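What follows is a short report on a single structure.
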Amino acid sequence: QVQLVESGGGSVQPGGSLRLSCSASGTTYSSYCMGWFRQTPGKEREGVATIRTSDGSTDYADSVKGRFTISRANAKNTLYLQMNSLKPEDTAMYYCAADWRAGGSCRRAFYDYDYWGQGTQVTVSS
C-alpha cells in the first residue's frame with residue numbers, strides 16, 4: 001500500500017529556512033496531485049502548496065506565496081517544500097499528501113486527498 005514519510009522539520013528562528021521532504025513508496029503510478037498541508041491545535045488542516053504531477057503546475061496558499069516552493073523529483077518519488085522567510089504563524093505540523101483522482105486543480109480540500117504521511121513538526125520562534 002501507499003506510504004508517505006515526511007522529514008526535515010525542526011525548530012528555527014523567524015526569517016529562517018527549512019526544507020521538508022516527503023518520500024512515497026508502495027505504488028507503481030504517480031499520483032495526480034501531491035501537496036503539503038499543515039495543522040495547528042484547534043485549527044482545521046489547511047493546504048499550503050500543491051503540485052500537479054502531469055505538468056508541474058503549482059498552487060500556493062496566499063499566506064506562503066513568495067516564501068515557499070513546492071517541487072517534485074521525477075526520478076524519485078520525492079516531494080519537497082522549501083520554506084524561506086519563516087514566520088511564527090508558520091508553526092504547525094506539516095503533512096505530505098497524495099491524491100490519485102485525476103482532473104482539474106490540485107487545490108483541493110484536505111479530506112479529498114487519499115493518502116497522508118505521519119507529519120513533521122515545524123516550529124518558528126525566537
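Just so it is clear, the values below take in all heavy atoms, side chains as well, and ignore hydrogens, waters and symmetry mates. Bear in mind that the values here come from a model prediction, so they are computed numbers and not experimental data.
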Euclidean distance, Arg38 CZ relative to Tyr95 OH, rounded to 0.5 Å: 13.5 Å
Find the distance between CD (Gln82) and CD1 (Ile70) and round it off to the nearest 0.5 Å. 12.5 Å
I'd like to know if Lys65 pairs up with Asp62 as an ion pair, taking the criterion as any Lys NZ or Arg NE/NH1/NH2 lying under 4.0 Å from an Asp or Glu carboxylate oxygen. yes
Minimum-distance pair of heavy atoms, taken over all atoms of Arg108 and Arg101: NH1-O, 2.7 Å
Rounded to the nearest 0.5 Å, what's the gap from OG1 on Thr123 to CE on Met93? Could you check? 8.5 Å
List the atom of Cys22, the atom of Leu4, and the distance in Å for their closest heavy-atom pair. SG-CB, 4.0 Å
Mind listing the closest non-hydrogen atom pair of Ser30 and Asn77 along with its distance? OG-OD1, 4.5 Å
Distance in Å, Leu18 CG paired with Ser11 OG, rounded so as to fall on 0.5 Å steps: 8.5 Å
Nearest heavy-atom approach of Met34 to Cys96 is CE-SG, 4.1 Å
Which atom pair, heavy atoms only, marks the closest approach of Arg67 to Ser85? NH1-O, 2.9 Å
So does Gly104 get a backbone contact from the side chain of Arg52, meaning a donor-acceptor N/O pair under 3.5 Å? yes
Quick one: closest heavy-atom pair of Glu6 and Gly119, and the distance? OE1-N, 2.8 Å
Please walk me through it: do Asn84 and Ser17 pass side chain to side chain donor-acceptor pair (under 3.5 Å)? CA-CA 4 Å; Asn84 298 324; Ser17 299; 2.9 Å; yes
Determine the interplanar angle of the Tyr94 and Phe68 rings, folded into 0 to 90°, and report it as parallel if under 30°, tilted if 30 to 60°, perpendicular if over 60°. tilted
Can you tell if the side chain of Tyr115 reaches within under 4.5 Å of the side chain of Gln1, non-hydrogen atoms only? no
Gap separating the CG atom of Leu20 from the OG atom of Ser7, nearest 0.5 angstrom: 8.0 Å
Between Ser23 and Val5, is there a donor-acceptor pair closer than 3.5 Å when you use the side chain of the first and the backbone of the second? no
Among Val124, Val12, Val122, the one residue meeting side-chain contact (heavy atoms from CB on, under 4.5 Å) with Thr91: Val124
Given 3.5 Å as the limit, does a donor-acceptor pair link the side chain of Asp99 with the main chain of Cys33, or not? no
Begin with the C-alpha distance, continue with both residues' side-chain angles, and end with the deciding distance and a verdict on side chain to side chain contact (heavy atoms under 4.5 Å, CB included) for Met83 and Trp36. CA-CA 11 Å; Met83 304 185 294; Trp36 290 96; over 6 Å; no
When hydrophobic residues are tied together by side-chain contacts of less than 4.5 Å, even through go-betweens, does Tyr113 share a cluster with Tyr32? no
Enter the distance from Gln3:CD to Ser25:OG here, rounded to the nearest 0.5 Å. 5.0 Å
